[in-house]
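As structure tokens, the structure follows; a few thoughts come after it.
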Amino acid sequence: MLTLLAEEQECLWDEALPIEVRELPDDLAALDRLLADPAVLGPIVERFRREVIEERRAVLTDGRPTIAMETYVRLMVLKARYRWGYRSLMAEVSDSIHLRRFCRIRLSERVPDDSTVRKLTRRIGPDTVNDITRVVIVAATRSKRFRPRAVRIDSTVIEADVKYPTDSGLAAHGVKVLAREARKLARLVKEKKRRVRDRSRVMGRALRAVTRTIRRRSGEAKAEVLKLTAHTGELLEQSTAETRRLVVIARRRARGRGAKAKLEAAARLEELADRCEKVASQIKQRVAGEPITDRLVSISDPDARPIRKGKLGRPNEFGYISQLCEVTENTRRGARGLILPAATAIGNPGEDTLLPDTIKELKRLGISPKEVALDGGFNVGPTREAFEDLEPDRVFICGRQQPGSKRTQRRLQKYRTGAEGRISHLKRGYGMDRSRLKGDEGQQIWNGWAILAYNADTLAIRER
């Protein structure tokens with residue numbers, strides 16, 4: 001059952017508190033006024049209504065009540081604002097009277113469990129978070145607290161929560177994961193004969209041999225490393241074959257009570273087997289010297305991709321590309337604006353590929369900027385076509401021949417450079433450097449809450 005508003009905070013303990021404790025600090029008080037708008041919870045209500053239609057369950061009125069959605073939104077804003085984990089978030093809120101009052105949690109009430117908030121975050125998804133961000137931006141523009149005039153757009157890499165991938169390392173991870181998940185499925189279907197052997201020890205010896213061989217740094221060592229890598233791929237193929245046999249048995253025994261759980265567990269294990277099979281195929285291609293397209297860099301995060309952006313410090317990154325659009329009121333130094341929901345795609349898309357999605361977001365919010373500043377990664381032709389409907393007075397692409405005075409070009413060039421600082425601010429201050437949620441949907445959820453927290457802070461600063 002959906003619960004929107006928290007119960008009244010006032011209780012007997014509040015009367016004994018000094019007035020300084022009961023009043024929120026200036027920054028939290030400004031955020032509290034911003035998030036108190038009932039329209040902020042509208043997208044969450046729409047999300048649950050869609051769930052009623054899709055799953056044909058009365059989740060709005062039946063079942064165990066959820067935590068108050070206004071409490072949940074405030075918790076997630078604090079999480080992104082202070083870069084806390086779920087457990088740290090609950091510990092900090094539980095220990096602070098100010099944070100409790102901000103999140104509408106009474107002193108006599110227990111804070112929600114971190115697992116409750118974690119599951120609710122996945123359930124709500126990225127689209128709902130982006131809708132809340134749109135509500136905040138539209139409310140700011142309609143009330144004339146914020147007058148959008150200029151736009152700067154740039155893309156950045158959002159790192160996936162994976163370690164540096166190697167073929168042999170992925171094979172070792174695959175062997176361990178298949179053995180662990182297969183044991184769970186075997187217990188569920190009560191299978192004792194057919195099992196997936198845990199080849200972690202054999203794989204560990206192979207990895208140590210690879211490490212010793214690489215240290216020799218010779219031509220013979222390279223050939224030996226390829227041979228050892230091929231051996232790890234063979235071990236992974238054996239585990240994959242045993243996994244598929246177990247999945248067939250599990251589906252055959254999925255009858256009667258608990259059949260749905262058995263089928264779901266079998267489907268999850270088969271999905272892992274597909275990923276491991278792709279890793280084994282990649283190893284064969286590498287040993288044969290063939291090019292590998294659409295490389296899998298993580299078994300736990302299959303949507304992450306290798307990305308090369310020409311950086312000297314980080315030539316290879318692994319994750320996702322997000323295009324961020326900041327709308328500001330002016331192009332002066334230190335201009336701080338609002339960030340639109342990010343445009344993203346799996347792989348390593350170019351600036352021109354993501355630009356149409358960013359333009360759609362501007363149109364959806366009814367924003368028609370007068371000036372647009374972009375970096376040299378945008379091509380003149382596709383960019384002008386994309387902005388044709390918005391009809392801005394000036395589209396500046398750094399490093400390209402542009403009409404206008406030198407003074408205007410210098411001003412827009414400095415304004416565009418501020419996009420790099422804004423991205424750095426979002427990564428350092430709001431956790432957009434690395435997504436701790438797995439998958440493309442997970443990184444969209446992570447970025448969505450970071451953008452919402454940043455926009456809320458921006459509007460709160462303007463009101464203080």
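Under the 3.5 Å distance criterion, the side-chain polar atoms of E326 are matched with a main-chain donor or acceptor of G337. Checking side-chain atoms of R286 against main-chain N and O of I292 turns up no donor-acceptor pair under 3.5 Å. Proximity of a side-chain donor or acceptor of D301 to a complementary backbone N or O of G439 within less than 3.5 Å is detected. A distance-only check finds no donor-acceptor pair linking the side chain of T3 to the backbone of I67 [under 3.5 Å]. Counting only distance, with no hydrogens or angles, the side chain of S281 and the backbone of E277 share no donor-acceptor pair below 3.5 Å. At least one donor-acceptor pair under 3.5 Å links the side chain of T232 to the backbone N or O of T229.
Side-chain contact between W449 and K79 is absent, with no heavy-atom pair separated by less than 4.5 Å. In this structure, the side chains of I397 and E351 stay at 4.5 Å or more apart for every pair of heavy atoms. Residues T331 and R152 form no side-chain contact, since every pair of their non-hydrogen atoms from C-beta on lies 4.5 Å or further apart. Residues L263 and R251 meet the side-chain proximity criterion, which asks for heavy atoms closer than 4.5 Å.
Within 6.0 Å of NZ in K278 there are more than 12 heavy atoms belonging to other residues, nucleotides or ligands. For CZ of R314, the number of neighbouring non-hydrogen atoms (other residues, nucleotides, ligands) closer than 6.0 Å is 12 at most. In the displayed structure, E290 atom CD is contacted under 6.0 Å by more than 12 heavy atoms of other residues, nucleotides or ligands. At most 12 non-hydrogen atoms from other residues, nucleotides or ligands lie less than 6.0 angstrom from CZ of R87. Within a 6.0 Å radius of NZ in K309, more than 12 heavy atoms belonging to other residues, nucleotides or ligands are found. Within a 6.0 Å radius of NZ in K438, other residues, nucleotides and ligands contribute more than 12 heavy atoms. Atom CZ of R195 sits in a sparse spot, with 12 or fewer heavy atoms from other residues, nucleotides or ligands closer than 6.0 Å. When the shell of 6.0 Å around CZ of R384 is examined, it contains 12 or fewer heavy atoms from other residues, nucleotides or ligands.
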**Asked** Can R81 and D27 be said to form a salt bridge (Lys or Arg N to Asp or Glu O under 4.0 Å), step by step?
**Response** CA-CA 12 Å; R81 193 170 187 253; D27 57 339; 3.3 Å; yes
**Request:** Show your working on salt bridge (Lys or Arg N to Asp or Glu O under 4.0 Å) between E46 and R50 and close with a plain yes or no.
**Result:** CA-CA 6 Å; E46 292 300 322; R50 290 197 302 270; 5.4 Å; no
**Item:** salt bridge (Lys or Arg N to Asp or Glu O under 4.0 Å) between D167 and R295, intermediate numbers included
**Value:** CA-CA 10 Å; D167 291 323; R295 179 188 287 269; 3.4 Å; yes
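Side-chain contact of R422 with Y454: a donor-acceptor pair under 3.5 Å is present, judged by distance alone. Using a 3.5 Å distance cut-off with no hydrogens or angles, the side chains of Y72 and T121 do pair a donor with an acceptor. Judged by distance alone, the side chains of D457 and Y430 do bring a donor and an acceptor atom under 3.5 Å apart. Side chains of K427 and T156: a donor on one and an acceptor on the other come within 3.5 Å.
To the nearest 0.5 Å, atoms CD1 (I44) and CG (L4) are separated by 7.5 Å.
Taking every heavy atom of both residues into account, A230 and V287 meet most closely at CB-CG2, 3.9 Å. Nearest approach of L170 to V297, heavy atoms of both residues: CD2-O, 3.5 Å. Minimum heavy-atom separation, K262 to L185: O-CD1, 4.2 Å.
Applying the side-chain contact (heavy atoms from CB on, under 4.5 Å) criterion to V177, with sequence neighbours excluded, gives H173, R180, E181, L272. Legend: residues meeting side-chain contact (heavy atoms from CB on, under 4.5 Å) with K363, ordered by chain and number and at least two apart, are I359, D389, L390.
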